[in-house]
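Each remark here refers to the structure printed beneath this line.
In listed order, ligands and their atoms are each counted from 1.
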Amino acid sequence: MHISSARFRCSSTKLSQCPGDGKWEFAFIGRSNVGKSSLINLLTDTPALAKVSSTPGKTKLINHFLINDRWYIVDLPGYGYARVSKAQRRDFSQLITDYVFRREAMYFLFVLIDVRLEPQKIDLEFIDLLGQHGVPFGLVFTKCDKLSSNQVESSVARYKRTLRQHWEELPPIWCTSSEKRRGREELLDFIENCLKEAPSEQG
Ligand code: GTP
Ligand code: MG
């Protein structure tokens with residue numbers, strides 16, 4: 001898919017503030033610092049669109065970016081970031097669960113996983129919740145430039161083995177690197193196919 005325009009539309013602190021124009025949304029979530037904002041900048045080919053930071057917990061709101069005047073990329077707050085107050089942490093998860101489980105315009109959720117780490121409890125719990133709620137999602141392994149291709153392969157294989165303990169069918173999986181621009185075409189092709197199949201407007 002060719003991206004002809006990508007622009008910031010709005011930040012929301014709650015679901016009711018999100019756009020009401022019925023355009024489909026493709027959302028990105030994962031642990032804090034996993035590379036959500038970097039991946040969004042890679043997909044849109046717009047380096048400063050989403051704010052990238054080495055300080056975890058940068059994205060605290062639901063950020064909507066309008067793509068080709070037709071669909072949205074949604075940058076969600078990271079989960080599992082411990083260095084915020086308990087009250088704030090609860091806010092994060094409320095915001096996340098409100099969006100992920102109740103947002104009718106969300107067509108697909110990309111769950112980002114740092115390819116270097118062994119399967120993390122918090123990610124597996126989140127994935128289980130998605131399954132229970134029937135949320136359509138896929139897994140995007142990030143930072144693949146930090147490992148050799150063999151290491152990436154075995155890390156992904158380990159993840160699949162873990163998932164098979166709970167799941168009969170595995171979700172779609174992509175390997176990406178924002179640094180090396182890997183995975184961009186595959187993700188955009190997937191989104192393009194979704195949009196072809198989707199009713200022109202939700203709701
Ligand atoms: P929060 O918004 O804080 O939850 O973080 P995020 O998930 O949006 O992560 P962000 O894109 O801000 O990236 C976090 C850090 O990881 C930054 O220092 C990025 O430069 C780095 N990073 C992100 N993607 C990659 C990648 O593919 N390769 C490498 N080597 N570094 C990456
Ligand atoms: Mg971010």
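A salt bridge does not link Asp189 to Arg184: none of the charged nitrogens lies less than 4.0 Å from a carboxylate oxygen. Here Glu179 does not pair with Lys143 in a salt bridge; the nearest charged N to carboxylate O distance is not below 4.0 Å.
Near Ser177, meaning under 4.0 Å from any of its heavy atoms, are these atoms of ligand 1: 27 (O). With ligand atoms numbered from 1 in the order given, ligand 1 contributes 6 (P), 7 (O), 9 (O), 10 (P), 11 (O), 13 (O), 23 (C) to contacts under 4.0 Å with heavy atoms of Gly35. Ligand-side atoms of ligand 1 in range of Ser178: 24 (N), 26 (C), 27 (O), range being under 4.0 angstrom from any heavy atom. With ligand atoms numbered from 1 in the order given, ligand 1 contributes 26 (C), 27 (O), 28 (N), 29 (C), 30 (N) to contacts under 4.0 Å with heavy atoms of Glu179.
Nearest to atom 10 (P) of ligand 1 by heavy-atom distance, out of Ser38, Ala50, Ser32, is Ser38. The residue among Arg116, Lys146, Lys143, Arg181 with a heavy atom at the shortest distance from atom 22 (N) of ligand 1 is Lys143.
In summary, Ser38 places no N/O/S atom under 2.8 Å from the Mg ion (ligand 2), failing the contact criterion.
Under the salt bridge (charged side-chain N to carboxylate O under 4.0 Å, His left out) criterion, Asp145 pairs with no residue, sequence neighbours left out. Not counting sequence neighbours, Asp128 has no partner by the salt bridge (charged side-chain N to carboxylate O under 4.0 Å, His left out) test.
Within the 4.0 Å heavy-atom shell around ligand 1 one does not find Thr142. Heavy-atom distances between Gly30 and ligand 1 stay at or above 4.0 Å for every pair.
Of all the heavy atoms of Lys180, none lies under 4.0 Å from any atom of ligand 1, so neither backbone nor side chain is involved. Of all the heavy atoms of Asp145, the ones lying under 4.0 Å from any atom of ligand 1 belong exclusively to the side chain.
Remark: ligand 1 and Thr176 share no N or O pair separated by less than 3.5 Å (distance only, no angle test). Polar contact check, Cys144 against ligand 1: no nitrogen or oxygen pair lies under 3.5 Å apart.
Across all non-hydrogen atoms, the minimal contact from Pro77 to Ile29 is O-CG1, 4.1 Å.
Environment of CZ in Arg158: crowded, with over 12 heavy atoms of neighbouring residues, nucleotides or ligands closer than 6.0 Å. Within a 6.0 Å radius of CD in Gln17, more than 12 heavy atoms belonging to other residues, nucleotides or ligands are found.
Using cut-offs of 30° and 60° for the angle between ring planes, the Phe26 and Trp71 rings count as perpendicular. Note on ring orientation: taking the six-membered ring where Trp is involved, the planes of Tyr159 and Phe141 are perpendicular (angle over 60°, cut-offs 30° and 60°).
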